[in-house]
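Notes to accompany the following structure.
These numbers come from a predicted model, not from an experiment.
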Amino acid sequence: MRTCAALYIHANTLYNRLERIDKLIGPGWKDSSRNLDLQLAMRLNRLISTIVQHHDER
């Protein structure tokens, strides 16, 4: 499985992680519109964390 090889993990680990994602955010994360929402949310989270970190360094 290419995904497992790219992540350097066993197939069971991949399936366990995907099940955990389903439990945390619901099975709709696979839908393209929901997927975009999640990608944007993660990018905004990283951006806000970076801004806060730089602000705290001052």
Side-chain angles (χ1 to χ4, degrees):
M1 182 179 261
R2 290 186 305 175
T3 302
C4 295
L7 296 172
Y8 301 101
I9 59 174
H10 190 272
N12 289 340
T13 302
L14 175 64
Y15 296 131
N16 288 335
R17 290 180 183 179
L18 291 173
E19 285 179 27
R20 186 161 185 239
I21 291 169
D22 277 347
K23 288 179 184 175
L24 290 171
I25 59 177
W29 66 271
K30 297 173 190 171
D31 297 336
S32 60
S33 61
R34 180 84 191 275
N35 188 287
L36 177 60
D37 292 343
L38 292 168
Q39 287 182 38
L40 289 173
M42 289 186 288
R43 288 180 186 198
L44 285 171
N45 184 48
R46 282 193 301 262
L47 177 62
I48 291 168
S49 295
T50 301
I51 291 169
V52 168
Q53 182 180 14
H54 287 323
H55 182 267
D56 290 346
E57 291 175 354
R58 289 181 176 186

Going by the rule side-chain contact (heavy atoms from CB on, under 4.5 Å), which residues pair with His55 if we only count those two or more places apart in sequence or in a different chain? none
Result block: side-chain N/O donor-acceptor pairs under 3.5 angstrom for residues 5-24, not counting sequence neighbours:
residue: His10; atom: ND1; partner: Asn12; partner atom: N; Å: 3.0
residue: Asn16; atom: ND2; partner: Asn12; partner atom: O; Å: 3.2
residue: Asp22; atom: OD1; partner: Trp29; partner atom: NE1; Å: 2.5

List the atom pairs, with distances to 0.1 Å, where a side-chain N or O of residues 34-48 and a protein N or O form a donor-acceptor pair under 3.5 Å, not counting sequence neighbours.
residue: Arg34; atom: NH1; partner: Ile25; partner atom: O; Å: 3.4
residue: Arg34; atom: NH2; partner: Ile25; partner atom: O; Å: 3.1
residue: Asn35; atom: OD1; partner: Gln39; partner atom: NE2; Å: 2.4

